[in-house]
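The basis for the numbers below is simple: all heavy atoms, side chains too, and nothing from hydrogens, waters or symmetry mates.
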Amino acid sequence: MNGTDENKALVWKETGKKRVVYKGPIFEIDQVERVSPEGNSYPFVICRTPDWVTVIPELPGAEDFLMVRQFRHGSGELTMEFPAGVVDPGEEPLTAAIRELREETGYEAEQMILIGKINPNPAFMSNTSWTYLARGLKKTSVLDLDDSEFIQGKTVDKTTVDREMGRGEYDSAIMVQAWFWYGKFTEQES
């Protein structure tokens, strides 16, 4: 079986039937109908969310990072994260990354390097998560937070980030993914 035949055996077709099940300030949930490769029709739920950006602000020497500590409503817990946020409608991911870094830390970077992009969960989500590495940091302003944002900036050493990533206050999957991209990028630099 060649690649095209293999694809035909897996690809579901759109029927055009779609309805919005929920529309909120952060995401929309659609129910869509798709036809299986065998011709059977099924309903599926798709969460349409904006793209996200995460910025890893690396301090000179690559041994310390700027991070933010904040309360997360989904888990009801405090988290330690890199600056991050949604890409606004019509905004480029790089522009969003520059904005989020400035808003959440008051810093700007000489270099913003795209080190990874990924779909957070292609089973039901339609967005992309972009990860940028910020180098050559310079304090340029005060924090510029949204009304509902309350964060505390922290400088965290690489050993702590490595040891804690994926547990405790460092348990955000988006941060684990960003740290994965950082590891791959710095490996390639060596």
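- Rounding to the nearest 0.5 Å places CH2 of W181 at 13.0 Å from OG1 of T186.
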Exercise. Can you list the steps and then say if E169 with E164 is a side chain to side chain contact (heavy atoms under 4.5 Å, CB included)?
Worked result: CA-CA 8 Å; E169 286 192 355; E164 299 300 322; over 6 Å; no

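- Between the side chains of T79 and Q70, no donor-acceptor pair of N or O atoms lies under 3.5 Å.
- Separating the CE atom in M67 from the CD1 atom in I151 is a distance of 12.0 Å, to the nearest 0.5 Å.
- Interatomic distance, R19 CZ to Q31 CD, rounded to the nearest 0.5 Å: 4.5 Å.
- Among residues two or more places apart in sequence or in another chain, the side chain to side chain donor-acceptor pair (under 3.5 Å) test is passed with E189 by R135.
- Residue pairs meeting the salt bridge (charged side-chain N to carboxylate O under 4.0 Å, His left out) criterion with at least one member in residues 74-84, sequence neighbours excluded, are R72-E81.
- Residue L133 comes nearest to I56 through the heavy atom pair CD1-O, 3.3 Å, listed as atom of the first residue, atom of the second, then distance.
- In this structure E91 satisfies the side chain to side chain donor-acceptor pair (under 3.5 Å) test together with R99, sequence neighbours excluded.
- Within the structure, ring pair (Phe, Tyr, Trp, His ring centres under 6.0 Å) pairs that include any residue of residues 27-48 comprise W12-Y42, W12-F44, Y22-F27 (at least two apart or interchain).
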For this session: Walk me through it: do E58 and Y182 pass the test side chain to side chain contact (heavy atoms under 4.5 Å, CB included)?
Result: CA-CA 10 Å; E58 182 185 73; Y182 180 79; 2.5 Å; yes

Would you give me the side-chain donor-acceptor pairs under 3.5 Å for residues 118-125, sequence neighbours excluded?
| from | atom 1 | to | atom 2 | distance (Å) |
| --- | --- | --- | --- | --- |
| N119 | OD1 | N121 | N | 2.9 |
| N119 | ND2 | M125 | O | 3.3 |
| N119 | ND2 | N127 | O | 3.2 |
| N121 | OD1 | A123 | N | 3.1 |

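- Taking the side chain as every heavy atom from C-beta outward, V32 and T15 never approach each other to under 4.5 Å.
- Looking at residues two or more places apart in sequence or on another chain, you find a side chain to side chain donor-acceptor pair (under 3.5 Å) between W179 and D162.
- Taking a 6.0 Å sphere around CD of E92, one finds it holds 12 or fewer heavy atoms contributed by other residues, nucleotides or ligands.
- Within the structure, the salt bridge (charged side-chain N to carboxylate O under 4.0 Å, His left out) test picks out the following pairs touching residues 25-43 (sequence neighbours left out): E14-R34, K17-E33, K18-D30, K23-E28, D30-R48.
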Exercise. Do S129 and Q177 pass the side chain to side chain contact (heavy atoms under 4.5 Å, CB included) test, and can you show the C-alpha distance, the side-chain angles, and the key distance before you say yes or no?
Worked result: CA-CA 9 Å; S129 178; Q177 149 214 299; 2.8 Å; yes

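- Other cluster members for W130: V53, V55, L59, L66, V87, L94, I98, L101, Y107, M112, L114, Y132, L137, joined by side-chain heavy-atom distances under 4.5 Å among Ile, Leu, Val, Met, Phe, Trp and Tyr.
- The two residues V176 and Y170 come nearest to each other via the heavy atoms CG2-O, 4.3 Å.
- Under the side chain to side chain donor-acceptor pair (under 3.5 Å) criterion, R163 pairs with no residue at all, not counting sequence neighbours.
- Both I26 and V21 are assigned to one and the same hydrophobic cluster, defined by single-linkage of ILVMFWY side chains at heavy-atom distances under 4.5 Å.
- Taking a 4.5 Å side-chain heavy-atom cut-off between Ile, Leu, Val, Met, Phe, Trp and Tyr, the cluster of L10 contains only that residue.
- Note: T160 OG1 to M80 CE = 9.0 Å, rounded to the nearest 0.5 Å.
- Contact of the P57 side chain with the P83 side chain is registered, since non-hydrogen atoms from C-beta on lie closer than 4.5 Å.
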For this session: Verify side chain to side chain contact (heavy atoms under 4.5 Å, CB included) between V68 and F82, making sure each step is shown before the conclusion.
Result: CA-CA 6 Å; V68 294; F82 296 114; over 6 Å; no

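- Contact of the D51 side chain with the V86 side chain is not registered, since no non-hydrogen atoms from C-beta on lie closer than 4.5 Å.
- Under the 3.5 Å distance criterion, the side-chain polar atoms of K139 are matched with a main-chain donor or acceptor of T105.
- The list of ring pair (Phe, Tyr, Trp, His ring centres under 6.0 Å) pairs with a residue in residues 135-157, not counting sequence neighbours, is empty.
- F71 belongs to a hydrophobic cluster whose other members, connected by ILVMFWY side-chain contacts under 4.5 Å either directly or through intermediates, are L78.
- Between the CE atom of M165 and the NZ atom of K158 there is a distance of 12.0 Å, given to the nearest 0.5 Å.
- Taking OG1 from T140 and CD from E108, the interatomic distance works out to 3.5 Å, rounded to the nearest 0.5 Å.
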